[in-house]
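Keep in mind the model is a prediction, meaning the values are calculated, not measured.
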Amino acid sequence: MRPSPRHLPRLLRTAPPAGRAAQFAPRRTQPSRNHSAGPPNPPNPPSSSVNATEISHFSALASSWWDPHGPSRPLHLMNPLRHDFIQACLGSTPTSPGAPLRYLDVGCGGGIFAESAARHPSTASVTAIDPSATILAVARAHAKRDPSLRRRLTYLGETIESLPLPSPNPPQQQQQQQQQQHHSVSGPYDVVTLFEVIEHVDYPAAFLARLTQFVAPGGWLVLSTIARTWTSWVTTNLVAEDILGMVPKGTHDWSKYVNEGEMREWFAKDAAAGGKQWGVPRVMGVVFVPGLGWREVRGSEKVGNYFFGVQRLA
Amino acid sequence: MDAIIRSRGAYVCRSCTQRVQRQLRRAYTSSAAQPDIYDVVCVGGGPAGLSLLTALRANPVTAHLRIALVEAQDLAKIRSWKLPPDRFSNRCSSLTPSSALFLDKIGAWRHLERDRVQAYHEMQVWDGVTGARIEFDWAPGAAPAAGTTIAYMNENLNLTSGLLRRLGELGGVSTFDNAKVERITYGEETDEMDLREWPVVHLSGGKQLSARLLVGADGANSPVRAFAGIEARGWDYNRHGVVATVQLEGEGWGGADTKIAYQRFLPTGPVAMLPLPGNHSTLVWSTTPRNASLLKSLSARDFVAMVNAAFRLSPTDLAYMQTQESGQADEYAWRLAHTPFDHRAVPQTVAAVQEGTTASFPLKLRHADTYIGERVALVGDAAHTVHPLAGQGLNQGQADVQSLAKTIEYAVGHGQDIGVTMSLAPYVAERYAANHVLLGVCDKLHKLYSVGSGPLVPLRSVGLNAVNALGPLKSFFMNQAAGNGIKVF
């Protein structure tokens with residue numbers, strides 16, 4: 001897909017009327033894919049942020065998700081940076097929650113980040129959600145390989161819309177009870193993560209509005225995505241997918257990319273509209289250097305891949 | 001766990017087996033008892049294995065890991081190792097300042113018997129055929145900030161017992177000593193966990209240890225390396241290293257404060273005299289297997305004569321004395337009278353050899369194809385065996401351990417599974433090329449100086465003399481030897 005101004009600005013769009021998501025879902029040409037990895041997923045309710053084409057695309061990749069030399073290699077290589085960024089966010093304010101932390105990982109896929117978060121010494125629990133049953137089967141099977149994950153990592157086949165909202169102020173007792181149970185810790189969460197997901201969502205504004213309700217006061221929403229620029233079209237679509245074949249074809253839809261400025265704008269508007277109070281966002285731009293992996297490059301958040309973290313103040 | 005049940009399966013009815021299985025699973029789920037599953041299982045309690053575990057236990061980031069140590073010997077004996085001050089073990093190693101710094105960082109250095117560790121400050125290296133010589137002493141102002149110590153001579157047992165005391169102080173390591181590794185297999189899949197990629201170490205007596213990361217610190221014939229299917233390539237030198245603890249006529253030409261290491265390249269291999277405290281020294285003589293067995297069979301008097309001859313007489317004289325079955329002492333006295341040499345350029349005369357310290361071992365070069373596999377890492381001699389002429393074997397192992405501990409720390413801090421190759425890859429990237437170059441350099445040096453005649457002989461002497469004359473280059477070499485020089489790799 002070629003860049004075109006008619007896609008701008010995405011974040012100003014609101015949720016579609018009922019039925020529109022289904023109408024727009026098959027708008028991309030379907031590259032040939034191997035569906036043998038699992039059955040196709042049931043269509044999502046129109047109110048969901050999830051795009052059915054996206055689900056079937058990633059489901060088809062399920063079997064190779066954990067192959068460090070497979071198509072998910074860039075994600076494996078990026079994972080340590082996610083932790084560095086989260087630690088930098090948490091360390092940047094005195095009001096950030098301390099260990100042990102409760103995570104919600106949205107769009108967890110095969111669990112590359114969710115597993116590592118659950119293994120991290122500062123983590124109490126990770127709740128990881130993804131709408132694709134095929135991918136969750138892969139994620140659960142892989143998590144079985146590490147006994148230390150069993151009591152700290154819970155996978156749920158949910159979307160952010162179907163996940164029950166946290167009660168506004170959970171009593172202390174209830175929270176403790178949840179921690180003891182280990183399974184299916186309900187929100188709010190100290191860290192809500194959304195890695196390489198928002199660029200696959202049809203209506204990001206509505207999606208963010210729902211997502212932010214899961215962030216505990218003082219907690220952080222941390223995400224990573226790709227800026228919508230000519231450079232990112234060339235690198236992620238043309239070079240990575242079409243020329244080098246480093247990333248499977250159809251992974252990226254350039255028109256869905258969200259710029260860092262648009263992201264800031266959304267949080268400013270949310271606060272202004274009487275929503276939650278948000279701190280000053282932190283941003284880190286990263287660049288993939290073939291042979292070396294991901295490197296932080298200052299200012300590159302305006303150009304390509306970037307991390308974005310924002311603390312909920314109240 | 002399941003293997004035990006299965007082996008009992010013949011005697012227990014199926015429903016009973018299932019009941020046992022359920023009970024075992026429940027035992028595992030309760031947080032107290034996780035008897036079999038470890039984050040790190042280290043096979044081998046030598047310097048490399050013990051340093052690794054000490055480094056992991058001493059670091060707050062990795063201190064929570066569940067660690068097991070498997071060793072064939074009785075570790076209590078090594079921990080309480082003690083010799084009188086005038087007796088020294090014959091297995092000594094040179095520790096570079098960077099190894100010493102690492103040992104200090106993990107809190108082990110102060111547990112060594114420090115009065116048994118001897119720093120040395122100069123090296124004298126010369127060609128036994130041509131007499132060309134390189135003197136490694138610090139030119140004024142060229143010495144590194146850390147001090148003028150090139151390296152420390154230390155008994156291997158002093159190091160291992162110090163490490164064991166430090167590990168005891170840190171605690172938290174499940175130790176299985178006097179334990180033989182009977183076999184290593186892979187785990188199994190149950191309803192709750194899938195350990196089919198986890199190595200399981202079976203010990204004599206039936207104990208089984210499942211390892212997230214299995215570390216092979218189990219020496220040159222590493223069973224862990226064999227389990228991982230990693231090939232170690234190289235060749236035998238057809239040489240043996242003869243070691244002995246000897247007593248010199250004095251504290252050395254530099255006195256107690258400036259100790260000197262000597263190495264002479266003979267066509268059959270280098271012979272080295274390395275200083276220990278007082279007038280003690282340790283001998284490492286790389287020579288033919290035939291000469292090695294002769295040396296071990298000689299009387300103390302003849303042995304001492306052979307060692308003195310090795311640093312003083314011509315290779316031709318030595319070759320003759322190696323054909324004598326006995327009587328080397330008289331032969332040496334006669335030949336010495338006809339050999340002109342500078343007394344102060346060779347080690348002081350050996351007066352005696354400590355009884356029972358003469359031993360030998362075959363020399364070889366080996367390098368494993370890689371140091372890691374899925375849930376496997378190799379360190380020290382399990383990964384590489386080097387010719388001892390540069391005294392780098394143990395230091396290479398310490399550098400491996402330092403790198404692996406750092407790799408594990410990074411993986412833990414980023415939530416990675418420390419056993420998977422993706423997490424372990426930085427360790428190989430950091431160590432493989434560096435070890436390979438050092439292995440190659442020592443190998444080439446051995447081969448270069450094994451030539452007794454021909455065009456190579458004058459050429460290599462030009463090399464030695466030239467290096468001695470070039471001050472800056474020499475300091476660079478010395479800094480490399482001391483491990484504090486410019487890092488070229």
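With a 4.5 angstrom heavy-atom cutoff, A:H76 touches chain B via backbone and side-chain atoms both. For A:I86, no part lies near chain B; criterion is any non-hydrogen pair under 4.5 Å.
Checked by atom type and distance alone, the side chain of B:H64 never pairs as donor or acceptor with a backbone atom of A:P121 at under 3.5 Å.
B:R212 approaches A:S148 most closely through the heavy-atom pair NH2-OG, 3.3 Å. When all heavy atoms of B:M193 and A:R150 are compared, the pair lying nearest together is CE-NH1, 4.3 Å.
Rounded to the nearest 0.5 angstrom, A:I112 CD1 and B:Q416 CD are separated by 11.5 Å. In this structure, CG on B:L195 lies 11.0 Å from CZ on A:R145, to the nearest 0.5 angstrom. Rounding to the nearest 0.5 angstrom, the gap separating the CD atom in B:E197 from the CG atom in A:D146 is 11.5 Å. Once rounded to the nearest 0.5 Å, the distance linking OG1 of B:T421 with NE2 of A:H69 reads 5.5 Å.
For the set A:S116, A:A117, A:P68, the entry with the most heavy-atom pairs within less than 4.5 Å of chain B is A:S116. Most heavy-atom pairs under 4.5 Å with chain B: of the set A:R119, A:H142, A:Q87, A:H83, this distinction falls to A:R119.
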Open item on the list: Evaluate B:H414 against A:D84 for side chain to side chain donor-acceptor pair (under 3.5 Å), listing each step before the verdict.
Closed with: CA-CA 8 Å; B:H414 290 79; A:D84 288 338; 2.5 Å; yes
- [ ] Could you please spell out the steps behind the side-chain contact (heavy atoms from CB on, under 4.5 Å) verdict for A:K144 and B:R196?
- [x] CA-CA 10 Å; A:K144 255 181 85 176; B:R196 287 174 299 173; over 6 Å; no
